[in-house]
Amino acid sequence: MRNMWTIARREYKLFFTNPIAYVVAFFFMIILGYMFFNALAQANIYAMYGQSYAPGPDIVTGPWMVILMVFAMPAITMRSIAEEVHTGTMELMLTAPVKDWELIVGKWLGTFMFMLSLLAITWVFPIILNRFVTPGIDQGVLLSGYVGLVLMAASLVAIGIFISSLFNNQVVVFFVSLAVVLILWFVISPMSNTSSSMGSQIMNYLNLINHYSLNFYQGTIDLSDAVYFLSITAFSLFLGTVSIEVRRWR
Amino acid sequence: MIEVEGLTKDYGPRRAINNLTFQANDGEILGFLGPNGAGKTTTMRILSGFMPPTFGRARVAGFDVVEKSLEVRKRVGYLPETVPLYRDMTVFDYLKYMADLRHIKDAEDRVDDVLGIVHMTERADGYIGNLSKGMRQRIGLAQALLHEPEVLILDEPTIGLDPAQIKEVRNLISEIGKERSVLLSTHILSEAQQICDRVLIINKGKIVAEDTPERLQAGLTGVQRIALRVSGDGDGLEKLVGEVSGVGEVSKIEEGVVEIDCPPGKDLRPTIARKVIDAGYDLLELKNIDLSLEDIFLELTRDEPELPQMDDSSADQPASFQD
């Protein structure tokens, strides 16, 4: 447990010396900042014609945020294990008295905390927006959206850490992670949603983004969605731990 | 305390180490010698808990490396051959991190201590990426010493150091080796000669010799060789010396110099000296020629006919030793 925190703390601190982390943060800020600006400008135009338009929480919890997260995840998780293997420091980790799961969960936690920091900063937009909009934006929808984003971040980072433990090359990790997340995003049953066959239900359930966009984003917190994200997280971390163990035996 | 029994490791079809059995007691420095690719690093990786063996058992500080890997890792200080370090951390942060992972009390004080031991205190705040090879080597060593381990496993610890540092590190290892067991690999033979209590020579994954450096030198050669030098051209010297009882082959090396093979354990020098002087030669020099560890090493690790269980890939490994 203690080792997990030690590793997480180092991992988190390291992001502040890592150029990739700054690039990711830059994209978050510039794109969300633009969306924010756009929303205000649009409201302004509406106001010129005497109409009223109020931008909502979706400027930060909307589709752009999902796209940002999907692309940011491979970028910030790709180095976590792959780099240690590549530079040989994995030998230090595996000969230190650290359990394999402590290493994986520690890595995940540090990266997840960095994602949380990024998400926390984006909160500034709805806070400002709230001052311009009467009677204020819907805080419930905003909160539910952020809960969903946090859960989604947890599972995305876990997937990234697992894939990072499979390869020695960070570029490979980046593209494989991206591919996996895109598959999880676009996996939908070829049958229509109305089909109630077991197979199509499973496929629809697996869709990662739907669990966010159909519920949390709309303002409903559904326990089954939370369970989905948490199981993806736990399962990926489990696979990551197995992958480290397999690495030893190879 | 390191106990190894029948240790074997296969990498796919290639057998890296084959049925190693040896022991290192507390207060003993065991040198691990062998050409590149002999299996030194593989053995050390198994003993440090990095990877399990294919067959065989190893116990370090009383714990099995497979079943009680975590206990072993708590008690072992390990310096890998490649000295992996986090280049984007400062020296102090790195050591503090490793100390925290080992749950060391007053970690910062201990980090200061080991930095003092390896003389790196003034570079504590520098980034590891900016350090020279020798300095990194010292940081790696500091890391291995952090938790005052019962067993120290050092893979080529003096590589990349300058002569003064090599001397210091050797002294340090000797100091540590007084109470704990140290296993160190090297291909610098004089180093093994100087600091190791016992030497283990391995080649192609097998132990080919195991003894103290002194005994290796004496015992393995089979014959004791003596060099004799007289003034002048030394005509008839060979014949004269050959008459001494017990003397084996006598060969002339140059004008006035011969080398004499004698049976081991019997010093024929006084007899030879008397005989030579009585015959009217001016005796200049009469000395034992020690086969150096280098010679023994080369002798033992020379290319032997391929063993049946070895496959072709191991033949690619250069058997001659490279420094």
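A, B, ... follow the sequence lines: proteins, then strands. Residue 1 opens every chain. All values reported here derive from a predicted model rather than from experimental measurement.
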> Is there side-chain contact between A:R247 and B:M51, with at least one heavy-atom pair below 4.5 Å?
Replying inline: no

>> Would you say that more than 12 heavy atoms from the other residues, nucleotides or ligands in this model lie under 6.0 Å from the CZ of A:F16, or not?
In response: yes

> At what distance, to the nearest 0.5 angstrom, does CG of A:L14 lie from CG of B:D88?
Replying inline: 4.5 Å

> At their closest point, which heavy atom of B:P84 faces which heavy atom of A:L92, and how far apart are they?
Replying inline: O-CD1, 3.1 Å

> Just by distance, do the side chain of B:R73 and the backbone of A:V98 share a donor-acceptor pair under 3.5 Å?
Replying inline: yes

>> Could you tell me if A:R10 sits above the aromatic ring of B:Y86, with its cationic atom closer than 6.0 Å to the ring centre and no more than 45 degrees from the axis?
In response: yes

> Just how far is it from atom NZ of A:K99 to atom OG of B:S69, taken to the nearest 0.5 Å?
Replying inline: 11.0 Å

> Which region of B:R45, side chain (C-beta onward) or backbone (N, CA, C, O), has a non-hydrogen atom less than 4.5 Å from a non-hydrogen atom of chain A, or is it both or neither?
Replying inline: side chain

> Would the number of heavy atoms belonging to other residues, nucleotides or ligands and lying under 6.0 Å from CG of B:D109 be above 12?
Replying inline: yes

>> Less than 4.5 Å to any heavy atom of chain B: does that hold for the side chain of A:E102, its backbone, both, or neither?
In response: neither

>> For A:W101, I'd like to know if atom CH2 has over 12 heavy atoms of other residues, nucleotides or ligands within 6.0 Å.
In response: yes

> Do you know which two heavy atoms are closest between B:R102 and A:P97, and how far apart they sit?
Replying inline: NH1-CD, 3.2 Å

> Between A:E91 and B:F50, which heavy-atom pair has the shortest distance, and what is it?
Replying inline: CA-CE1, 3.5 Å

> Checking heavy atoms, do the side chain of B:E71, its backbone, both or neither come under 4.5 Å from chain A?
Replying inline: neither

>> If we define contacts as heavy-atom pairs under 4.5 Å, which of B:P80, B:P52, B:G49, B:S48 has the most with chain A?
In response: B:P52

> Hey, what do you get for CG (A:N3) to CG (B:D100), rounding to the nearest 0.5 Å?
Replying inline: 9.0 Å

> Based on non-hydrogen pairs under 4.5 Å, which of A:T95, A:L94, A:T6 is most in contact with chain B?
Replying inline: A:T95

> What heavy-atom pair brings A:R2 and B:H103 nearest, and what distance separates the two atoms?
Replying inline: NH2-CA, 3.5 Å

> In terms of heavy-atom contacts, does OH of A:Y12 have more than 12 from other residues, nucleotides or ligands at under 6.0 Å?
Replying inline: yes

>> Just so I understand: if I count every heavy-atom pair under 4.5 Å between each of B:M89, B:Q143, B:H147 and chain A, which residue has the most?
In response: B:M89

> Where on A:T89 is there a heavy atom nearer than 4.5 Å to chain B: the side chain, the backbone, both, or neither?
Replying inline: both

> Any chance CZ of B:F92 has more than 12 other-residue heavy atoms, nucleotides or ligands included, within less than 6.0 Å?
Replying inline: yes

